[in-house]
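No hydrogens, no waters, no symmetry mates; every other heavy atom, side chains included, goes into these values. Each chain gets a letter, A, B and so on, in the order the sequences are listed, and its residues count up from 1.
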Number of protein chains: 2
Amino acid sequence: MTADALPPQTVRSAPDRLLAVLAAFDHAHPALCLTDISRRAGLTLTTTHRLVGALTEWGALERDADGVYHVGLRLWEVAALAPRGLALRQVALPYLEDLYEATHENVQLAVRDGAEVVYIEWLSGRSAVGVHIRVGARWPLHATGVGLALLAHSEQAFQDQYCEGPLAAFTPYTLTDPVRLRRELAEVRRSGAAVSSRQVTDDALSVAAPVRGRDGRVTAAVSVVVPHATAQVPALVPAVRLAARGISRALGWQPEAR
Amino acid sequence: MTADALPPQTVRSAPDRLLAVLAAFDHAHPALCLTDISRRAGLTLTTTHRLVGALTEWGALERDADGVYHVGLRLWEVAALAPRGLALRQVALPYLEDLYEATHENVQLAVRDGAEVVYIEWLSGRSAVGVHIRVGARWPLHATGVGLALLAHSEQAFQDQYCEGPLAAFTPYTLTDPVRLRRELAEVRRSGAAVSSRQVTDDALSVAAPVRGRDGRVTAAVSVVVPHATAQVPALVPAVRLAARGISRALGWQPEAR
């Protein structure tokens, strides 16, 4: 069921209705009028008007001169506290910049949310590849370098379930065979780096490494994306691993203590 | 009245109560247990439990293994759509990186929210100055370079009201005299750049320039912060102005069309 076909609001709770207003906004719909919000949230216009009013007064939404609503600065300020969002990105940024200086390639930081990676940061390098990622974008785990790094270090039960599929193919090279995927994940754990070659687009290759938190668990992954045709994988692996270790240490990880 | 001394919840509306739970989180309190949230939001434990449950289920909050709540990734994803938050930052980042490459100094991007600047981005340079700004931090307009650039281009009525004060002093050099502040704002408009010298801390100087949106109005400001003792203001002004113009063009500003 899509957001356009939600049932009437009668059975939902007050918090759910307010959150439905926020959820009406996404990357395809960053600016909405009251009628759009009402339709996408599945709420009456009267209820929408009241909730949007409360959200606007608080600063979670902002209304422009044309009467169109956008996500507001106040929500962004609260969201900046998210440990897996801006807070993680703030700790990681110097290391991502170093990785960018060392490679001048596309550099990204991602975390796992369920069966997907969410990109937290993306620094654009000189190489134009067919992958266009924005901050906040999502992608399935098995196709991307960061996704393979995160999947390889997730709980065994989750890995087993994920590998059973279905595993979507984006190119003829996407890993869609459970046996091959499991073998790849073992290799990622052994080598400390994940390589995704032409699995997302025909022309791109990414090299990723896991980032560990204070408790030693993998909480994020860092990667570079380069054109497949000229990729120097052996040169990229140490740089990406170094950046991942630097971020891990900044997060409080102590390899000696394990 | 502080958040610690809010009145009982009885008179507040359902949306206000939910937003009070979100507002319980700030830079000094990024991680809270249920009792903390209840106290800071001024809500009963029962109501807090119900609202936190709804927010956690939606992903606006996340609960860690110790039962402590943090701001969640889902809220960060919605907030990433804020035109004056991550969305602006996403457009500006390449130009901020260029400014950083050109100067290797602290580079920042800020917007105005009422009588304050809010920092949207901060790239740390080689110079250690006494100013420690984090993304999401706020500062009064008259003390900082970005604040002066934003104030100088805000509506005249707002400028008049702001200049009347009170104007807080952070160092002996902070502009607290309305006449001097007005003169400074005129100079910012004339020169296209704002210089704040030792107004925030004794050792720092910032050079800022305004960023214009598609409609030509000033929507943000970009700046570098350097040690006052060795600051080369004439060299910094063109670099900062260039970065600000680059961001303005990327936002759709067309100087020719004015």
**OP:** Output the residues of residues 58-66 of chain A for which the shortest heavy-atom distance to chain B is under 4.5 Å, in residue-number order; output 'none' if no such residue exists.
**Re:** A:W58, A:E62
Subject >> For B:Y69, ring-ring contact (aromatic ring centres under 6.0 Å, His included) partners two or more places apart >> reply: none
Subject >> Per-residue contact mode, A:V111 against chain B (heavy atom under 4.5 angstrom) >> reply: side chain
Subject >> Under 4.5 Å from a heavy atom of chain B, the part of A:P94 involved >> reply: neither
Shortest non-hydrogen contact from [X] to [Y]?
| X | Y | value |
| --- | --- | --- |
| A:L19 | B:L18 | CG-CD2, 4.2 Å |
| A:W76 | B:Y119 | CH2-O, 3.7 Å |
| B:G72 | A:A82 | O-CB, 3.9 Å |

Subject >> Interface residue of largest heavy-atom contact number with chain B, from A:V118, A:D16, A:L51, under 4.5 Å >> reply: A:V118
Original post:
Quick one: what part of B:E57 sits under 4.5 Å from any heavy atom of chain A, side chain, backbone, both or neither?
Top reply: neither
Subject >> chain A contact via B:A23 - which portion, at a heavy-atom distance below 4.5 Å >> reply: both
Subject >> Distance in Å, B:W122 CH2 paired with A:L93 CG, rounded so as to fall on 0.5 Å steps >> reply: 13.0 Å
Subject >> Within-4.5 Å side-chain heavy-atom neighbours: B:E101 and A:E101 >> reply: yes
**OP:** Answer whether the closest heavy-atom distance between the side chains of B:H27 and A:L81 falls below 4.5 Å.
**Re:** yes
Original post:
Does CZ in B:R214 sit with more than 12 non-hydrogen atoms of other residues, nucleotides or ligands closer than 6.0 Å?
Top reply: no
**OP:** Look at atom CZ of A:R217 and say whether more than 12 heavy atoms of other residues, nucleotides or ligands are closer to it than 6.0 Å.
**Re:** no
**OP:** Walk me through it: do B:R84 and A:E77 pass the test salt bridge (Lys or Arg N to Asp or Glu O under 4.0 Å)?
**Re:** CA-CA 11 Å; B:R84 303 206 298 151; A:E77 287 182 65; over 6 Å; no
